[in-house]
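Below, chains carry the letters A, B, ... as their sequence lines are ordered, and counting in each starts from 1.
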Number of protein chains: 2
Amino acid sequence: MRLTRAGEYGIRCVLYLARHGKGTLVSRKEIAVRTDVPPHFLAKIAQQLARAGIIEILQGANGGYRLLTDPERITMLEVIEAIIGEISLNDCVSRPESCRISARCTVHRVWNKANQQLRATLEETNFATLASEDACCLTPFPLAGDHDPSMGKK
Amino acid sequence: MRLTRAGEYGIRCVLYLARHGKGTLVSRKEIAVRTDVPPHFLAKIAQQLARAGIIEILQGANGGYRLLTDPERITMLEVIEAIIGEISLNDCVSRPESCRISARCTVHRVWNKANQQLRATLEETNFATLASEDACCLTPFPLAGDHDPSMGKK
DNA sequence: TCGATACAAGACTAAAAACATCTTATATGT
DNA sequence: ACATATAAGATGTTTTTAGTCTTGTATCGA
Ligand code: SF4
Ligand code: SF4
């Protein structure tokens with residue numbers, strides 16, 4: 001009953017990009033270092049985010065990732081489900097046919113309700129809100145100026 | 001982001017017992033067969049439920065399990081957390097120290113809220129309600145009379 | 001145009017968790 | 001005493017998670 005590491009990393013990535021604004025290109029290395037995510041793992045996560053239409057990936061020298069949408073139009077639910085698939089607290093929530101009594105199961109109804117409620121809460125939260133509040137989801141210290149010359153360089 | 005099988009099985013076990021009422025002794029074999037849970041797996045789950053004070057286990061010939069509390073005083077949250085531990089949607093919810101920025105992380109606050117909400121929903125649901133509604137969480141067909149001579153026998 | 005840089009894509013591996021079973025011991029009713 | 005029932009934990013299998021590695025492709029700029 002917990003988020004996977006990949007999901008957490010996906011949120012960090014999108015949040016980092018959101019703080020830089022829609023359309024700003026940021027290198028994978030910078031994101032990886034600043035959000036404390038293994039670079040190759042981030043690559044895989046980014047690909048899923050790209051497939052979901054949340055970010056765009058630019059190849060080549062000076063390549064990187066950038067947000068395709070305004071941060072306020074990206075929800076936590078979107079990002080998480082792009083990475084780990086649709087949230088389902090119990091197997092019978094996403095696949096009622098997996099349990100033959102699901103149609104008349106009172107427990108099933110509770111799970112459905114809880115699941116829907118959880119998804120709604122995550123859908124209410126957008127990345128503009130997350131990024132604008134005073135706190136931030138990044139690891140290393142120099143954050144304010146957004147331009148650390150040591151970043152983006154080997 | 002899902003319940004484990006053990007958690008699901010624990011709920012089935014308690015619900016089956018709840019339908020028989022507090023204090024009624026039911027053999028492990030009967031519960032296992034009727035709720036479609038592997039008998040040895042059920043044994044382990046039952047031990048956790050016993051440690052949590054939800055059921056009592058009687059050894060010896062004609063042994064079995066029985067509910068210690070009135071079904072209306074047992075919540076889904078209790079049963080689930082007796083099996084899988086405290087619900088925690090993200091690692092930082094149960095162990096804020098696992099992420100050094102949790103104190104000032106906006107994402108962390110969303111998880112906390114969602115987690116609390118989920119636990120509240122499960123806490124609202126008790127087994128008297130679950131057992132009294134027309135549907136039931138059991139697998140085999142003969143349920144009404146509660147006395148199937150083929151059960152409890154080898 | 002060539003080399004350096006940066007990401008793509010998927011194969012591969014290690015570790016952990018989930019799921020289940022097996023074995024030996026203990027308790028109880030007849 | 002014996003049959004029956006669970007206790008407790010060791011063991012085993014499978015699946016998922018987490019992370020790395022390798023080979024290939026795209027872009028920039030000297
Ligand atoms: S018994 Fe009810 S809650 Fe359990 S898996 Fe089946 S439908 Fe879902
Ligand atoms: S960055 Fe925030 S949400 Fe992510 S683990 Fe740390 S505290 Fe939790």
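- As a whole-Å value, the separation of R28(A) CZ from dC7(C) P is 5 Å.
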Can you pull every protein N or O that's under 3.5 Å from an N or O on nucleotides 17-23 of chain D?
{"from": "dA18(D)", "atom 1": "OP1", "to": "R2(A)", "atom 2": "NH2", "distance (Å)": "3.1"}
{"from": "dA18(D)", "atom 1": "OP1", "to": "R5(A)", "atom 2": "N", "distance (Å)": "3.4"}
{"from": "dA18(D)", "atom 1": "OP2", "to": "R5(A)", "atom 2": "N", "distance (Å)": "2.9"}
{"from": "dG19(D)", "atom 1": "OP2", "to": "Y9(A)", "atom 2": "OH", "distance (Å)": "3.4"}
{"from": "dG19(D)", "atom 1": "O6", "to": "K44(A)", "atom 2": "NZ", "distance (Å)": "2.9"}

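- Taking atom CG of residue L25(B) and atom P of nucleotide dT4(D), one finds them 17 Å apart after rounding to whole Å.
- When distances are taken from the side chain of Q47(A) to each of dA27(C), dA26(D), dA9(C), the shortest belongs to dA9(C).
- Here the P atom of nucleotide dA8(D) and the CD1 atom of I45(B) are 15 Å apart, to the nearest Å.
- Rounded to an integer number of Å, the gap from CD of Q59(A) to P of dT5(C) is 17 Å.
- In this structure, of dA26(D), dG29(D), dT28(C), it is dT28(C) that holds the atom nearest to the side chain of A61(B).
- dA27(C) atom C1' lies 12 Å from atom CG of N62(B), rounded to whole Å.
- Rounded to a whole Å, the CG atom of L58(A) is 9 Å from the P atom of dA8(C).
- When the P atom of dT16(D) is taken as reference, atom CD1 of I83(A) falls 18 Å away, rounded to whole Å.
- A salt bridge links R12(B) with E8(B); the closest basic N to acidic carboxylate O contact falls under 4.0 Å.
- Of the two residues near DNA chain C, L42(B) and A46(A), the one whose nearest nucleotide lies more 5' is A46(A).
- Without hydrogens or angle criteria, T121(B) side chain to A114(A) main chain gives no donor-acceptor distance under 3.5 Å.
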